[in-house]
Each structure stands twice: as structure tokens, then as C-alpha cells.
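First the structure, in the form of C-alpha cells, and then the observations on it.
Heavy atoms only: backbone and side chains are in, while hydrogens, waters and symmetry mates are out.
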Amino acid sequence: PEESISLDNIIEERHPESLQNVTVGLAEVTYKSNVYEYLFKKHHDDENPEKRYINQDLPTFKLDTEAFYLTVPDVVRQRVSNMTNVDHPFLAGLHGIEHLLMSLFPLEVLCEQQDIGGLSLKYYSGTDRGTIFLYDNIPGGVGLSRTAFNEAETLLGRAYDLVVECECEHG
């Protein structure tokens, strides 16, 4: 899908002391998504699905809600590009952090996984940096992002600990 998010109203921002040059924020946002293609699997464990294009204009999915966001300093972008040969390493890293935070989100916020959504952008003009958004997947929001904002240090600390303690050799 083609996805976008706009910061409609920043409710609150802060700079946690434990995170250098990082901003965490809470905002009213508009999330939009358009689907143009999908993967067709012949059976549930098909490892080579066929990409199929949608030949008609589907309506844009639009969600006005609240989001917790986290900006990532440019120094991280520079370090990441020197560490790996992966295509688009900075975006891949942001996306990985997004999914890590989404997996830990229910432990701090006490919600179901499908109650939240996420989007990572290697550059977002509203923050002038790479930004990770985690948003309430419910119109208007129901306070999940607000709780994540209030517990940002704990949530990010859990994510850090999980990565540091991982015994995988290749990530």
C-alpha cells in the first residue's frame, strides 16, 4: 500500500533525558492508505506468491486518530549506512524498530495488537527527521498513544533490552 500520515495538531512533545537528540510526541494525525496491488497465494504456505495489480481506483482509507511518535537523529542514519549492505538500511532499521515497538506496545498499554498501527518514514517534513509513528487504529483515538507517550522511556527501554539481550548472530 501507499501510506502517508500528517501531523494535524501536536498535543505534546518532550526530549527524554535518556535519549540524546530524540523527540517523543503525541499528536492528532490523519493516516491515509491506498492499495494498488496484492500478493496471491495458491495455498497458505506458498512461498512464491504472485503479485497482482488492482485495475480500478479504490477509495483512499482515511483514519483521523492520535499517534505516539519518535524522531530518530541524523547521526543514526549516518552510522547505519556504514554498518550493512542492505538496501535502504536506515528505512529498514526504522521499520524494524516500528515492529519491535508494536510487539511490545500491548505490554505497556494493555491493548490488542490490532488496536494499533505503525508507519516509519526515513524523512518526515513535519519533524525534519526520520520518524516512527504508532497510532490508535480506532477513529478519534482511545488513549493508547497517549499512554505510550507517557510511558515512552519504559517502552523504549524494553525494546533496547530485548535487542541487547538477543543472542541471534544475524539480527
Check: Does the pair Ser18 and Glu153 meet the rule for a side-chain hydrogen bond (donor to acceptor under 3.5 Å, both in side chains), with working shown?
Finding: CA-CA 8 Å; Ser18 59; Glu153 289 83 353; 5.4 Å; no

Where the side chain of [X] meets the backbone of [Y], is there a donor-acceptor pair that is under 3.5 Å apart?
| X | Y | value |
| --- | --- | --- |
| Ser103 | Leu101 | no |
| Asp161 | Arg158 | no |
| Tyr124 | Leu7 | yes |
| Thr60 | Ser33 | no |
| Asp8 | Thr30 | yes |

Between [X] and [Y], which heavy-atom pair has the shortest distance, and what is it?
| X | Y | answer |
| --- | --- | --- |
| Leu94 | Leu121 | CD1-O, 3.5 Å |
| Ser145 | Leu134 | OG-O, 3.4 Å |
| Asp136 | Thr65 | O-OG1, 2.8 Å |
| Ile116 | Cys111 | CG2-SG, 4.3 Å |
| Tyr38 | Ile54 | CD2-CG1, 3.9 Å |
| Pro49 | Leu39 | CB-CB, 3.9 Å |

Check: Going by atom types only, do Glu66 and Tyr135 share a side-chain donor-acceptor pair under 3.5 Å?
Finding: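 Side-chain D/A pair, Glu66 to Tyr135: absent.
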
Check: Does one side chain, of Asp46 or His44, offer a donor that lies under 3.5 Å from an acceptor on the other?
Finding: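 His44 and Asp46 do not have a side-chain donor-acceptor pair below 3.5 Å.
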
Next item on the list: Side-chain contact test, heavy atoms from C-beta onward, threshold under 4.5 Å: evaluate it for Tyr123 versus Asp128 and give yes or no.
Entry: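 Yes, close enough: below the 4.5 Å cut-off.
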
Note to self: Any non-hydrogen side-chain atom of Leu144 less than 4.5 Å from a side-chain atom of Phe105?
What the structure shows: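 A side-chain contact under 4.5 Å exists here.
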
Should we count [atom1] of [X] as having more than 12 external heavy atoms under 6.0 Å?
| X | atom1 | value |
| --- | --- | --- |
| Glu112 | CD | no |
| Asn48 | CG | no |
| Gln114 | CD | yes |

Next item on the list: Mind telling me whether Tyr69 and Phe133 have parallel, tilted or perpendicular rings, with 30° and 60° as the class edges?
Entry: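 Rings of Phe133 and Tyr69: tilted, as their planes differ by 30° to 60°.
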
Checklist line | Cluster companions of Tyr53 among Ile, Leu, Val, Met, Phe, Trp, Tyr (side-chain spacing under 4.5 Å) | finding: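 Result for Tyr53 is none, singleton.
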
Check: Are Val163 and Leu70 linked, directly or through other ILVMFWY residues, by side chains that come within less than 4.5 angstrom of each other?
Finding: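 Same cluster.
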
